[in-house]
Amino acid sequence: MLTTDRPLNGKIRGSGQVLVKGCNGSGKTSLLLALLGKGEYSGSIRIDGVEARDLSGDAIYNLVSILPQDPVALPGTFEDNLFLTQYTDPDRVLEPVDDFLTGILERLDLIHLTEPDGEGFDSLVSEMRLSEGQIALLNLARCAI
């Protein structure tokens, strides 16, 4: 259960960014789990006016992005990793790549991973031989989308 010496209060504007840092054991993970509606907490955490406990996983993942300190490549395809498809909507059909997505992938130097010489968005991440740096950029792209 998330407990603190004093109440945590604050507001984050839409599209705002927050850096949470602290010493080992200071409660960063507990705060994150509470924000995602996965951890126990007392009081209220509201996202767009709705209590975090009451939001579905899909709704939370559409509202909150997490950039982990240690980058993670999830099992599945490049698309699954970008959009968390298998975790939020297994029946989702990928929309045609738009300029916004292309721009993000170009700026992060990941666009070549989606080019026709491979399987593109359907490529299995485990077979793509991504470097740690590319995995970190993939995590950043996930947040930007």
Smallest heavy-atom separation, R142 atom then N81 atom, equals NE-O, 2.5 Å
Report task. Without swapping roles, check the side chain of E127 against the backbone of L124 for a donor-acceptor pair under 3.5 Å. Result -> no
Can you tell me if D109 uses its side chain to pair, donor with acceptor, with the backbone of L105 under 3.5 Å? no
Sequence neighbours excluded, the answer for side-chain hydrogen bond (donor to acceptor under 3.5 Å, both in side chains) partners of S56 is none
Beyond-backbone contact of V72 with I135, side-chain heavy atoms, under 4.5 angstrom
no
Next on the checklist: Looking at V50, is its backbone amide N or carbonyl O close enough to the side chain of D54 to form a donor-acceptor pair, meaning the two atoms are under 3.5 Å apart?
Outcome noted: no
message: Given 3.5 Å as the limit, does a donor-acceptor pair link the side chain of N139 with the main chain of A136, or not?
response: no
Determine, using the 4.5 Å side-chain heavy-atom cutoff (strictly less than), whether L31 and L33 are members of one ILVMFWY cluster. no
Practice task
Given side-chain contact (heavy atoms from CB on, under 4.5 Å), test L113 with F78 step by step and report yes or no.
Solution key: CA-CA 9 Å; L113 299 175; F78 191 74; 3.9 Å; yes
Rounding to 0.5 Å, atoms CD (Q134) and CZ (R129) come to a distance of 12.5 Å
Scanning both residues in full, the closest heavy-atom pair of R46 with S44 reads CG-OG, 3.4 Å
Inset, instruction - List the steps, then state whether side-chain contact (heavy atoms from CB on, under 4.5 Å) holds for D80 with L74. - result: CA-CA 8 Å; D80 293 334; L74 302 169; over 6 Å; no
Between E51 and I45 (side chain of the first, backbone of the second, donor and acceptor by atom type, cut-off under 3.5 Å), is there such a pair? yes
Apply side-chain contact (heavy atoms from CB on, under 4.5 Å) to the pair M128 and V125, showing each step before the final yes or no.
CA-CA 5 Å; M128 294 176 83; V125 170; 4.3 Å; yes
